[in-house]
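This report concerns only the one structure given below.
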Amino acid sequence: MPSATINEGPSGKPLLVARALKKFYGGEPAVRGVDFSIEHNSYVTLLGPSGCGKTTILRMIGGFEAVSAGTLELDQRSLVDVSANRRPVNTVFQSYALFPHLTVAENVGFSLSLKGLDRATIQTRVAGALAMVRMEAMSGRWPRQLSGGQQQRVALARAIINEPKLLLLDEPLSALDRKMRKDMQIELKDLQRRLGMTFLHVTHDQEEAFALSDWIIVMNRGVIEQQGSPEDIYRRPASAYVADFIGGANLLSGKIAGVKGELAAIDTEFGTIEAPCTSGLNAGQVASLCLRPEQISLNGNGRAISGAVSHVVFQGAESLIEVEAGKSRLQVRCERTPPEVGSTIKLTFDPQRAWIAAGAMGQGS
Amino acid sequence: MERLLKGYVGLVYAFMYLPILVVAVFSFNASDMIAFPLSGFTLDWYAKALSDTRLLTGFGTSLLVAVPTAIAATALGAAAALALTRYRFKRKYLFLALLVVPFFIPRIILAVSHLIVMSEVGLERNLVTVIIAQTLIILPFTVMVIASVLIRLDSRVEEAAADLGATGWQIFRRVQLPLMRNGLIAASFIAFVLSSSEYVLTNFVSGRSQPLSILVASDFRFNLSPALDALAMLIVLFNVAIVVVSEAVRMRSK
């Protein structure tokens, strides 16, 4: 007799695959055709400003919005015609959406009681899920008796108790204060590792995306601008939009003078600069030289730009200096005593560490 | 300015409650005449009202009408309110308009048209026709009360239930119904009070057994007595008691 084998876990294929996924609201496109895949056991964020379509994608995966066009597959099975209650996917909602008429334990055990499991089993698993988020002591409370952070944990426990293949998190930390948000970020990441579950997290906060993700999908106006590891996105932004949205880069726009392998020359107002570049650039195209504030120094060697100090912002260990040079305003970090406002200083940078991305700010991509 | 405003508010309330106060005063007045001067205190009129079998039968008939009307108007109202607040469908505004239009049609016209339709269809006038007619005119009130509760409920909670595996029926039974309970209670009590005091339509479509509102109205015209004042006060007390009980239930459920 051949024994039946159950094929569980990673089979080399991604957990979720979206192809040419689109969503229209009465003719208005919210998602204009996106392609991405999510690997098993990974932490992925959909990052972008409000209205970029990231939440719409999440809601299509959750089953709360119909797919207008394209395909959406989980474990190689189409989700398109599967109703929300039959998808092996659970959601942590932005507003938590706890059931106000049920206790914490009843909220967490909701999905198990729908399945008709016996009381003892439900109690054990609820206790386990609450322990995961360190809320065991609160099981008898009502949602209205909990703080925002506690409600968040209960919502998390409620969503993971059924062991979904994919956990969706819709701006889960946006209602928390800064300190709480930092703590929860660490806990979320830790929880994802311990459970070995796949998390898809929607946020507009790039720091949050960096703190949590294995993979970041940057969105803008219904399309994906770039996807990759956090380091890729930060060091090698594909477009000026991504460079600006992620970590505030200084962008010097200009036309590409020529491309040579992985290097390109760009004509900026400070002359032609040769630097590593994103792929697919052509001579004559508008592009931007990205200089992160930490890549510019006040007394070094390399390319030099001189300008006048216009602002100094004290930030504790260091200061952020804004310098007016030509038509540009550049932000520079300074660890020493900052120069006087109004004084002229020389800024230097190493073009080998800079990056040329496609497009310019204030221009459609 | 503030004194003027207070005076104005006082005047409005006086206008609202003075007539009821007059009825209350005469219900305790030891005289056949409903006129001043007052001639002493008595509870005789209450005793008389409570021992009048005709009025007691009328009260029983009122309950026989009001309870089923309240249940029907609340159930139908809940269904319509859910449709209005939770589902997207074409011509929603037409649906809403058709629900509330009867409210703007004079009762007397509704009554006559009901009568015409009933006789054309061959329906005999009895308590069932009263229940049907009253349910139709009370429905807009119950829809509005329940819809106002549903609008304030976060519909993400229902999405969360679906997300956790609940079917449409389970969402209704385990989430929507418990959360709209207060609205259902409030709507059913409003429907009960409206039903028991409805006169015009009831007068036209009721057959031989007549609810209390019809008896009281005819007695006020042809058989005036302070016992009717006493009865009126009992009805007011009864309605207030209903509201107090329903509010108490609502408060405790919080």
Side-chain angles (χ1 to χ4, degrees), chain A residues 25-26 55 58-59 61-66 82-103 106-117 126 129 142-145 151 154-164 166-171 175, chain B residues 74 78 81-95 145-188 246-254:
Chain A
Y25 289 110
T55 296
L58 199 79
R59 291 177 59 79
I61 300 171
F64 310 118
E65 300 284 352
V82 182
S83 59
N85 61 326
R86 290 163 163 272
R87 298 188 185 198
V89 169
N90 286 127
T91 308
V92 176
F93 291 86
Q94 183 171 14
S95 52
Y96 316 135
L98 295 179
F99 304 120
H101 61 298
L102 300 179
T103 62
E106 287 167 340
N107 262 281
V108 175
F110 188 81
S111 60
L112 302 183
S113 79
L114 288 176
K115 286 179 165 177
L117 298 186
V126 165
W142 298 97
R144 63 175 176 278
Q145 296 173 312
Q151 290 189 32
V154 175
L156 204 54
R158 184 179 69 173
I160 59 172
I161 196 169
N162 219 2
E163 293 165 5
L166 177 62
L167 184 75
L168 306 176
L169 302 109
D170 183 10
E171 302 254 7
Chain B
T74 303
L82 279 170
L84 281 171
T85 57
R86 289 297 186 271
Y87 295 94
R88 285 183 230 165
F89 56 93
K90 280 186 185 170
R91 304 198 179 87
K92 186 184 262 194
Y93 288 100
L94 181 67
F95 177 77
V145 168
I146 299 168
S148 74
V149 171
L150 282 174
I151 279 175
R152 274 179 282 136
L153 290 181
D154 181 6
S155 59
R156 288 282 153 104
V157 166
E158 289 147 33
E159 280 185 356
D163 185 64
L164 294 165
T167 60
W169 168 251
Q170 286 172 323
I171 295 172
F172 174 70
R173 182 64 198 81
R174 286 168 166 257
V175 178
Q176 287 175 324
L177 196 59
L179 290 179
M180 66 197 275
R181 209 182 75 142
N182 291 342
L184 296 180
I185 292 171
S188 63
S246 76
E247 281 300 299
V249 169
R250 211 164 65 88
M251 296 302 240
R252 193 180 300 173
S253 76
K254 272 193 178 169

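So you know, we letter chains A, B, ... as the sequences are listed, proteins then strands, and number each from 1. Keep in mind that what you see is a predicted model, and the values were worked out from it rather than measured.
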(request) Evaluate side-chain contact (heavy atoms from CB on, under 4.5 Å) for T74(B) paired with I146(B), printing each intermediate quantity in order. (result) CA-CA 8 Å; T74(B) 303; I146(B) 299 168; 4.3 Å; yes
(message) side-chain contact (heavy atoms from CB on, under 4.5 Å) for L153(B) and R86(B)? Distances and angles first, verdict last.
(response) CA-CA 11 Å; L153(B) 290 181; R86(B) 289 297 186 271; 3.6 Å; yes
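Taking the centre of each ring, F93(A) and F64(A) come in below the 6.0 Å mark.
In terms of heavy-atom pairs under 4.5 Å with chain B, the best-connected choice from R158(A), R87(A), Q94(A) is R158(A). Chosen from A166(B), P178(B), S155(B), the residue pairing most often with chain A at heavy-atom distances under 4.5 Å is A166(B).
For S113(A), the parts lying near chain B are the backbone and the side chain together; criterion is any non-hydrogen pair under 4.5 Å. For Q170(B), the part sitting under 4.5 Å from any heavy atom of chain A is the side chain, from C-beta outward, and nothing else. Neither the backbone nor the side chain of L102(A) comes within contact range of chain B; no heavy atom of the residue lies under 4.5 Å from a heavy atom of that chain. Using a 4.5 Å cut-off between heavy atoms, T91(A) touches chain B through backbone and side chain atoms alike. If you measure heavy-atom distances from D163(B) to chain A, the contacts under 4.5 Å come from both the backbone and the side chain.
Note that CD1 of I161(A) and CG of L164(B) are 10.0 Å apart. Values are rounded to the nearest 0.5 Å.
Relative ring orientation between F99(A) and F110(A) is described as tilted, the plane-to-plane angle lying within the 30° to 60° band.
For the pair R156(B) (side chain) and Y96(A) (backbone), a donor-acceptor distance under 3.5 Å is absent.
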